[in-house]
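Please read these numbers as outputs of a predicted model, since none were measured by experiment. Each chain gets a letter, A, B and so on, in the order its sequence line appears, and its residues count up from 1. Because only heavy atoms are used, hydrogens play no part in the values below, and waters and symmetry mates are left out as well, while side chains stay in.
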2 protein chains.
Amino acid sequence: MRVTKQQAAQNREKILISAASLMRERGIASVGMDALAEAAGMTHGSLYSQFGSKERLAEEAVRQALVENARNTSDVSDIGTYVSRYLSRKHCDAPGDGCALAALVSEMPRSSQTIRDRFTHGVRAMIEHVSGLMHARSARQRDDAAIAAVATMVGGLVLSRAVNDDKLADRILSATRSSLKASATS
Amino acid sequence: MRVTKQQAAQNREKILISAASLMRERGIASVGMDALAEAAGMTHGSLYSQFGSKERLAEEAVRQALVENARNTSDVSDIGTYVSRYLSRKHCDAPGDGCALAALVSEMPRSSQTIRDRFTHGVRAMIEHVSGLMHARSARQRDDAAIAAVATMVGGLVLSRAVNDDKLADRILSATRSSLKASATS
DNA sequence: ATTATCTATAGATCTATAGATAATGC
DNA sequence: ATTATCTATAGATCTATAGATAATGC
């Protein structure tokens, strides 16, 4: 049942992409190798021959999710668009395709150093992106404003996903959006 | 090995308090009944005779954690103090004694309805408390400002706990603190 | 007699590995 | 000959239950 090198590389990509999505949806620790294998359309034995361990697969899947995030937001060049997209119903309802920081942030205190390092790098990347969209005079002020904006976006998104009431979720999204837009114009 | 009714009630309290703390530290799903029993100084069989299932224990432990939160913040009557305490190094380093919303928020999308209902109630309670400390004219404006402040606090805290770099963690805490204090005086 | 707790264990699930299979790659 | 994948299974862990124990509560 051996496949071509090319096919094996494609399978690896497929595993990574589906794992990056599934881990954001269900959590790294909570999702099993069987579920990850099924999502990729293979048996779990194949995941082990490709990655060796769940930890290794998780490391690569976190990298994959962060790369997807960077790619999906690279076209955004103004803070209003960034905030509107991030704090949208669509983003709220699609954790598997959404921000890896919001999806994985709570697991980081219990994650390995390698995974936390990659996550931390992703946090810095998001802060730098948002900082570049800020209008404050000094770089320090822009960074501080960006950090606060990132915290508000991540907090607003995870809270809107957590609550068991759609109206409250929408209220959280709209209140955080308008707060960020008000502070951006001041 | 039977104990008095009073002792049994005390044991139940002890289990609840240590479970509320351990679940905030390690996550509801990630902590096992053995670990919860050990933390309470009992065997896991005792936890089952007291609560029947892990789900039931988790439901009560989430309630316990939210009650503790309400009690710990009931004395705070100005927004500056609230923000300073919430976004402090001390709070960041003590998830087991800290805000249940920040500790459990990411698990809620995968939690039972009962647990999510209690969590949602806790979110409303925090918003209402913070709203009462806001200076805006209308109730609607105060609520919106409170929601945004809660999102910034929760986001800032979970991000500072997640990153693998103490300097960045401190920067996140201080930037979110100053952002919230600036918006409170405007 | 009732019951809070403990011990032992069942059954499910999870990570991981060994060995077989079958097709590629040299 | 090498290797990507699959099958079968080991070993650990996790939730849960049955039955024993021993002291309370009526």
Side-chain angles (χ1 to χ4, degrees), chain A residues 1-62 104 107 110-115, chain B residues 1-62 104 107 110-115:
Chain A
M1 305 206 175
R2 190 185 175 189
V3 297
T4 64
K5 269 189 163 183
Q6 196 183 1
Q7 181 63 43
Q10 278 180 18
N11 287 345
R12 189 185 171 93
E13 269 298 292
K14 198 176 169 187
I15 295 166
L16 267 182
I17 289 169
S18 59
S21 180
L22 211 57
M23 284 178 165
R24 272 175 285 181
E25 271 177 25
R26 301 197 205 165
I28 297 172
S30 302
V31 70
M33 291 296 271
D34 265 322
L36 292 164
E38 194 186 346
M42 309 187 74
T43 63
H44 76 279
S46 202
L47 271 62
Y48 277 95
S49 65
Q50 285 275 12
F51 296 96
S53 70
K54 186 186 179 184
E55 165 64 24
R56 281 284 190 85
L57 170 57
E59 290 169 4
E60 298 306 310
V62 169
L104 306 176
E107 275 189 286
R110 312 183 267 284
S111 293
S112 71
Q113 199 184 346
T114 301
I115 289 180
Chain B
M1 303 208 176
R2 191 184 175 188
V3 296
T4 65
K5 270 189 164 186
Q6 196 183 1
Q7 181 63 43
Q10 278 180 17
N11 288 345
R12 189 185 171 92
E13 270 297 293
K14 198 176 170 188
I15 295 166
L16 267 183
I17 290 168
S18 59
S21 180
L22 211 55
M23 284 178 165
R24 273 175 284 180
E25 272 177 24
R26 301 196 207 167
I28 297 172
S30 302
V31 70
M33 291 296 271
D34 266 322
L36 292 165
E38 196 187 345
M42 309 187 74
T43 64
H44 76 280
S46 203
L47 272 61
Y48 277 96
S49 67
Q50 285 274 12
F51 295 96
S53 68
K54 187 187 178 183
E55 165 64 22
R56 282 282 190 85
L57 171 55
E59 289 169 4
E60 297 306 309
V62 168
L104 305 176
E107 274 189 288
R110 311 183 268 284
S111 292
S112 73
Q113 198 185 344
T114 302
I115 289 180

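Looking at B/Glu60, its side chain never comes within 3.5 Å of a backbone N or O of B/Leu16 through a donor-acceptor pair. In this structure, the side chain of A/Gln50 engages the main chain of A/Ala8 through a donor-acceptor pair within 3.5 Å. The backbone N or O of B/Glu25 lies less than 3.5 Å from a partner atom in the side chain of A/Arg110, making a donor-acceptor pair.
The separation between A/Lys14 atom NZ and D/dA4 atom P is 17 Å, rounded to whole Å. Rounded to whole Å, atom P of D/dC6 lies 13 Å from atom CD of A/Glu38. The CG atom of B/Leu57 sits 10 Å away from the P atom of D/dA16 (whole-angstrom rounding). When rounded to the nearest whole Å, the span between OH of A/Tyr48 and P of D/dA10 equals 17 Å. Note: CD (A/Gln7) to C1' (D/dT3) measures 14 Å, nearest angstrom. Following rounding to the nearest Å, B/Ile15 (CD1) and C/dT5 (P) show an atom-to-atom distance of 7 Å. The nearest whole Å value for the distance from the NZ atom in B/Lys5 to the C1' atom in C/dT2 is 10 Å. Rounded to whole Å, the distance from NE2 on B/His44 to C1' on C/dA4 is 15 Å.
Listed nucleotides D/dT15, C/dA16, C/dG25 differ in distance to B/Lys54; the shortest reach to its side chain belongs to D/dT15. Closest to the side chain of B/Ser53, out of D/dA16, C/dA16, D/dT15, is D/dA16.
At D/dT5, one or more side-chain N or O atoms of A/Gln50 fall inside 4.0 Å of OP1 or OP2 (strictly under the cut-off).
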Inset, instruction - Kindly indicate, with the supporting measurements, whether the criterion side-chain contact (heavy atoms from CB on, under 4.5 Å) is fulfilled by B/Lys14 and B/Gln10. - result: CA-CA 6 Å; B/Lys14 198 176 170 188; B/Gln10 278 180 17; over 6 Å; no
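Partner assigned to C/dT24 is D/dA1, using Watson-Crick or G-U wobble distances below 3.5 angstrom. As the counterpart of D/dA12, C/dT13 is assigned, both hydrogen-bonding distances of the Watson-Crick or G-U wobble pattern falling under 3.5 Å.
Summary of the strand contacts: A/Thr4 and B/Val3 both lie near DNA chain C, and taking for each the nucleotide with the nearest heavy atom, the more 5' one is attributed to B/Val3. Place A/Ser46 and B/Met33 on DNA chain D by their nearest nucleotides, and A/Ser46 ends up nearer the 5' end.
For B/Glu38, the CD atom is loosely surrounded, since the number of other residues' heavy atoms within 6.0 Å does not exceed 12.
Side-chain to base pairing of A/Arg2 with C/dT21: no donor and acceptor N or O lie closer than 3.5 Å to each other.
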